Amino acid sequence: MVWECGGRDLERRRRAAVDHLHNLGRSTRASLLFAVRDNVKESACIDPDLSDRGRQFRRRLIDKVWEDVVLITEFKSAAALYEARAAADYQELASFGTPPTVGTPQWMRAKLLYCLYPFDRSLAGKLKDPLFLLLWVISLFPLYGVRFSFFVFLFILQVANWPADTYQIILFILTFKGTQFQSGGILLLVYAFAMYTMCIKPGDLQSCTQDGPGMFIPTWLHFLDILSSGFFCWFALMWVPSTRSHTGSLEQHSEIDDVNDLLLLGSDRSSETVVMPHHKEGGCCRTAGGRRVLKLLCVDFACLVVSVSIGAWMAFLDLANMATAAGSPSSDGFGGITRVMFEQYVDSPAGRAVAFKTRVLYNLMALPFMFFMIPTLGMVVSVTRETGYNRNGYCVPFTWRPVKQTNRSCRACATG
């Protein structure tokens, strides 16, 4: 018992020493980072033909970008320093929690979450798992609501463990929007090209109206996919205030405090650095990550409005041509477009084609979200450290597995 208490006390002292060593280098990192920032500012504003307003805009833009540079540097430096105790931490994190009984829903949840979001593997490691490849293909299938149903099921699995993790929920939102571009944008374009190539028949100008792109998908299913892709992320964002960071002993805002300390430490009186504040608003704006995701979703909502507006304009032009061909007077309905004509148009080949184009256009506008699927950029958006799930289904801080040396590497080290 005495040896056990002494070992725990030694471990606490060792970890405190590592934290103290990390804090000692903070002023040096701050001086280096802000010296580089000042050089970047000077290079960006060296153009003599640049106006004062242009110089001021560039300086403010560099200051905003530099906050994320400081954030990544702090997270990565802390992770590199904590590698000294990675082996001990890995065993502790891997065995954390109670193992679920095989065959139960808890076991299935732990199996799926560890496969998709493991705490000890990167994308290179996940690609070696056949189950991950199968789930990845399902998440990209763009037809008949398969992708949306898969992500709804995945969201239920994540929030089943209350409270959910902040990083995981924000990563879920970014992944959902990123796969929207890959699935509903790129893959649907490939599908449309293949269908268009097969539907063309010599001498038949109307062949693609029956077998063309999007003709086999009802119009309501297209718009259901558009609305679900646009508003499901807002529903997921509502869960962010009830989440917390599963990063060990760190408090919820300790990461932001570290970055703010570094910003204040490296800035001077003439600097225009904007320190990341602690907001006390309610709702999704309670956390820094929630505020950043909210801005991204506002841009996505604007893309939704633009794409639907373009689709409505194309539909109006088709209906106007139909009204002109039918000889309908302009006094009937809206510009000669009657209700009966609109009902016939909705599920007609022309209506399905417009709905398909609108869907592809909106999905292609989700391109920026694909870059935020990268773990480092995901940490910038969520403003918290990376987490993952262990084999017991518990969310724990991300760490690397200890590298197992093979006999060949051991012999090389011995001879070297």
Side-chain angles (χ1 to χ4, degrees), residues 112 116-117 123 126 132-159 167-195 213-214 217-240 284 289-290 292-312 352 354-375 377-378 380-382:
L112 293 177
L116 292 171
Y117 307 108
L123 179 61
K126 290 188 288 186
F132 173 80
L133 296 177
L134 175 62
L135 296 177
W136 180 60
V137 171
I138 295 176
S139 67
L140 294 180
F141 191 77
L143 303 177
Y144 308 110
V146 174
R147 186 185 77 93
F148 177 71
S149 302
F150 172 79
F151 276 98
V152 170
F153 177 69
L154 183 60
F155 181 75
I156 295 174
L157 293 181
Q158 289 196 344
V159 300
Y167 175 81
Q168 291 297 327
I169 294 299
I170 293 180
L171 180 64
F172 171 83
I173 297 174
L174 299 177
T175 304
F176 178 77
K177 300 302 294 184
T179 54
Q180 174 184 332
F181 168 77
Q182 301 172 6
S183 173
I186 301 300
L187 291 184
L188 275 186
L189 279 180
V190 175
Y191 165 79
F193 177 77
M195 294 297 297
I217 306 175
T219 303
W220 66 268
L221 196 57
H222 285 301
F223 282 101
L224 180 62
D225 181 83
I226 294 174
L227 295 178
S228 60
S229 299
F231 292 102
F232 179 64
C233 287
W234 290 90
F235 174 77
L237 184 62
M238 295 171 57
W239 287 81
V240 173
C284 60
R292 293 193 172 192
V293 176
L294 178 62
K295 294 178 182 179
L296 292 175
L297 291 185
C298 288
V299 175
D300 178 72
F301 181 76
C303 295
L304 174 63
V305 173
V306 170
S307 58
V308 172
S309 300
I310 293 176
R352 292 188 178 187
V354 169
F356 181 81
K357 295 174 184 177
T358 304
R359 177 182 177 183
V360 172
L361 177 62
Y362 172 58
N363 291 332
L364 288 176
M365 289 183 177
L367 171 63
F369 287 92
M370 189 181 67
F371 299 103
F372 291 110
M373 294 171 61
I374 303 174
L377 296 181
V380 171
V381 176
S382 62

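Numbering of residues begins at 1 and proceeds along the displayed sequence. Because the structure is a prediction, the values reported are computed rather than measured.
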Quick check for you: to the nearest 0.5 Å, what is the distance between [X] atom [atom1] and [Y] atom [atom2]?
| X | Y | atom1 | atom2 | result |
| --- | --- | --- | --- | --- |
| Ile173 | Trp234 | CD1 | CH2 | 10.0 Å |
| Leu187 | Phe141 | CG | CZ | 10.0 Å |
| Phe153 | Gln158 | CZ | CD | 11.5 Å |
| Leu157 | Gln168 | CG | CD | 12.0 Å |
| Leu116 | Lys126 | CG | NZ | 7.5 Å |
| Leu140 | Phe150 | CG | CZ | 9.5 Å |

Self-check item: For Gly230 against Tyr362, the heavy-atom pair lying closest together
Solution: CA-OH, 3.2 Å
Quiz prompt | Least distance between heavy atoms, Ala355 atom then Phe223 atom | solution = CB-CE1, 3.6 Å
Quiz item: Would you say the side-chain atoms of Ser307 pair up with the backbone N or O of Leu304, donor to acceptor, closer than 3.5 Å?
Solution: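 Between the backbone of Leu304 and the side chain of Ser307 there is a qualifying donor-acceptor contact (under 3.5 Å).
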Quiz item: Do any N or O atoms from the side chain of Lys177 and from the backbone of Ser229 form a donor-acceptor pair under 3.5 angstrom?
Solution: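 Checking the backbone N and O of Ser229 against the side chain of Lys177, a donor-acceptor pair under 3.5 Å is found.
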Quiz item: Is there a side-chain contact (heavy atoms from CB on, under 4.5 Å) between Tyr117 and Leu154 once you walk through the steps?
Solution: CA-CA 11 Å; Tyr117 307 108; Leu154 183 60; 3.4 Å; yes
Quiz item: For the residue pair Phe232 and Phe148, is the inter-centroid distance of their aromatic rings smaller than 6.0 Å?
Solution: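 Between Phe148 and Phe232, which both carry aromatic rings, the centre distance is below 6.0 Å.
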Quiz item: Is any side-chain heavy atom of Ile310 closer than 4.5 Å to a side-chain heavy atom of Val306?
Solution: yes
Exercise. Measure the acute angle between the ring planes of Phe155 and Phe172, then classify it against the limits of 30° and 60° as parallel, tilted or perpendicular.
Key: tilted
Quiz item: Passes side-chain contact (heavy atoms from CB on, under 4.5 Å), Val159 versus Ile169? Steps please.
Solution: CA-CA 8 Å; Val159 300; Ile169 294 299; 4.1 Å; yes
Quiz item: How about Asp225 and Tyr144: does a side-chain donor come under 3.5 Å of a side-chain acceptor?
Solution: no
